[in-house]
Amino acid sequence: MMTSSRSWSGRTFDALNVLLMLALCIVTLYPFYNIVITSFNDPTDAARGGITLWPRVFSVDNYRIVFRDENMLHAFLVTIARTVAGTAAAVLFTGAFAYGISKSELIGRRFFLMMAIVTMYFSGGIIPYYLVVAKYLHLKGHFLVYIVPNLFNVFNAIIMLTFFRALPKEIEESAKIDGANDLRIFFQLVLPVSKPVLATIALYNAVFHWNSWYDAMLFGGDKLPTLQQILMQIISSNSNVSQLASQLGFGAVSAASLKLATMVITTLPIVFTYPFVQKYFVQGVMIGSVKG
């Protein structure tokens with residue numbers, strides 16, 4: 001009877017757990033699903049509201065307007081270039097710093113690590129930051145303004161530092177015996193066996209670059225717009241929606257439906273990235289979070 005009671009209680013718990021998880025999934029995913037189906041609805045009809053499970057009047061006019069906008073296409077290319085180049089540069093730079101700091105024989109390693117950690121708690125503020133980037137580095141309006149200021153992140157460096165400390169020292173010692181220098185060891189031995197943490201940090205940086213809009217507003221302007229910057233402009237102003245639609249040969253357009261289409265375009269690419277790096281992402285977070 002004791003075994004039967006436990007079995008029944010276990011099955012009950014599993015059923016309630018599944019129902020709770022399903023409810024959480026619905027609550028979490030339905031808002032985005034509603035955004036998607038509304039964006040595929042006729043703009044004029046969407047203004048009536050009441051779209052719940054599927055488009056009432058299917059239409060791709062919202063996406064046609066977005067993709068035929070030259071500013072949107074330009075912002076899409078800038079965002080892709082920024083995400084790819086910024087992610088690769090940040091992972092390499094942060095990895096090199098973390099690998100060097102992980103060596104106890106490095107002279108001044110405690111000083112360098114302390115200086116990095118200080119930046120987690122203190123900053124000069126937005127005005128000094130703007131002056132350094134725009135006036136002293138002369139990066140305003142230059143594509144490198146998206147790359148150089150974001151090369152290093154202390155949190156990511158700590159994760160990579162913990163991972164590198166856990167690597168077997170015998171691998172590097174045998175390589176040094178064979179005559180390999182530190183650069184060769186880092187690029188040919190350390191990085192290939194660090195795929196989990198590299199994928200984790202790459203995902204962090206890719207999401208940051210893809211979603212970033214504030215630095216684009218400060219330093220990019222109209223010359224180097226990003227998708228999120230365009231989205232912010234569309235959300236904050238409805239006056240240009242009708243004008244844009246008429247210029248592209250469309251009729252009446254709902255500003256709300258156009259915003260939703262832009263949101264879907266800016267969100268889906270980074271969402272589709274997760275399944276490809278999920279295996280490495282989970283492993284990298286777990287390894288990097290445990291002190292080696």
Side-chain angles (χ1 to χ4, degrees), residues 66-98 112 115-160 198 200-241 243-244 255 258-259 261-271 273:
V66 171
F67 282 114
R68 289 178 63 179
D69 183 9
E70 294 182 359
N71 292 331
M72 180 64 69
L73 294 178
H74 183 208
F76 192 76
L77 294 177
V78 171
T79 304
I80 291 178
R82 171 184 180 169
T83 302
V84 174
T87 299
V91 170
L92 181 60
F93 188 90
T94 306
F97 174 86
F112 297 133
M115 290 295 293
I117 293 177
V118 166
T119 63
M120 294 182 65
Y121 304 99
F122 304 97
S123 66
I126 187 61
I127 295 178
Y129 174 71
Y130 180 86
L131 292 176
V132 169
V133 174
K135 301 299 182 182
Y136 295 100
L137 297 180
H138 303 287
L139 292 178
K140 185 175 182 179
H142 196 285
F143 181 74
L144 289 178
V145 76
Y146 296 144
I147 310 300
V148 175
N150 301 306
L151 282 175
F152 182 74
N153 181 278
V154 184
F155 177 77
N156 294 342
I158 293 176
I159 294 179
M160 301 185 80
L198 292 179
T200 302
I201 303 305
L203 184 59
Y204 286 159
N205 281 279
V207 172
F208 165 77
H209 281 287
W210 187 268
N211 292 331
S212 184
W213 64 271
Y214 191 66
D215 56 352
M217 181 186 67
L218 288 178
F219 306 112
D222 297 333
K223 183 179 179 181
L224 292 171
T226 61
L227 280 176
Q228 303 301 334
Q229 182 185 0
I230 297 295
L231 178 59
M232 285 295 300
Q233 293 174 355
I234 294 177
I235 292 176
S236 60
S237 177
N238 298 333
S239 58
N240 295 328
V241 173
Q243 181 180 358
L244 175 62
L258 189 60
K259 293 176 185 178
T262 308
M263 291 173 62
V264 172
I265 294 173
T266 56
T267 304
L268 285 183
I270 202 67
V271 170
T273 304

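Partners of A206 by side-chain contact (heavy atoms from CB on, under 4.5 Å), not counting sequence neighbours, listed by chain and number: T83, T87, I270. Applying the side-chain contact (heavy atoms from CB on, under 4.5 Å) rule to L77 yields no partners; only residues at least two apart in sequence or on another chain are considered. Every residue was checked against the side-chain contact (heavy atoms from CB on, under 4.5 Å) condition with A88, not counting sequence neighbours, and none meets it.
To the nearest 0.5 Å, atoms CD1 (I265) and OG1 (T79) are separated by 12.0 Å. Taken to the nearest 0.5 Å, the CZ atom of F112 stands 14.0 Å off from the CD1 atom of I117. Here N211 contributes atom CG and T226 contributes atom OG1; the two are 9.5 Å apart, rounded to the nearest 0.5 Å.
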With a 3.5 Å cut-off and sequence neighbours excluded, list the donor-acceptor pairs that the side chains of residues 149-156 form with protein atoms.
unit_1, atom_1, unit_2, atom_2, d
N150, ND2, Y146, O, 3.1
N153, OD1, F155, N, 3.0
N153, OD1, N156, N, 3.0

Ignoring hydrogens and angles, write down the donor-acceptor pairs under 3.5 Å from the side chains of residues 120-139, residues two or more places apart or on other chains.
unit_1, atom_1, unit_2, atom_2, d
Y130, OH, K140, NZ, 2.8
H138, ND1, K135, O, 3.4
H138, NE2, K135, O, 3.2

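Closest approach of G141 to L224, counting heavy atoms only: O-CD1, 3.6 Å. In terms of heavy-atom proximity, A98 sits nearest to M160 at CB-CB, 3.7 Å. A216 approaches Q229 most closely through the heavy-atom pair CB-OE1, 3.4 Å.
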| task | Output, in order, the C-alpha distance, side-chain angles, deciding distance and verdict of side-chain contact (heavy atoms from CB on, under 4.5 Å) for L227 and M72. | result | CA-CA 7 Å; L227 280 176; M72 180 64 69; 3.3 Å; yes

| Test log, rule side-chain contact (heavy atoms from CB on, under 4.5 Å), inputs F219 and H142 | CA-CA 8 Å; F219 306 112; H142 196 285; over 6 Å; no

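Judged as a salt bridge (Lys or Arg N to Asp or Glu O under 4.0 Å), the pairs with a partner in residues 201-216 (not counting sequence neighbours) are, in order, R82-D215.
Considering T262, T266, L268 as possible partners of V264, the one that fulfils the side-chain contact (heavy atoms from CB on, under 4.5 Å) test is L268.
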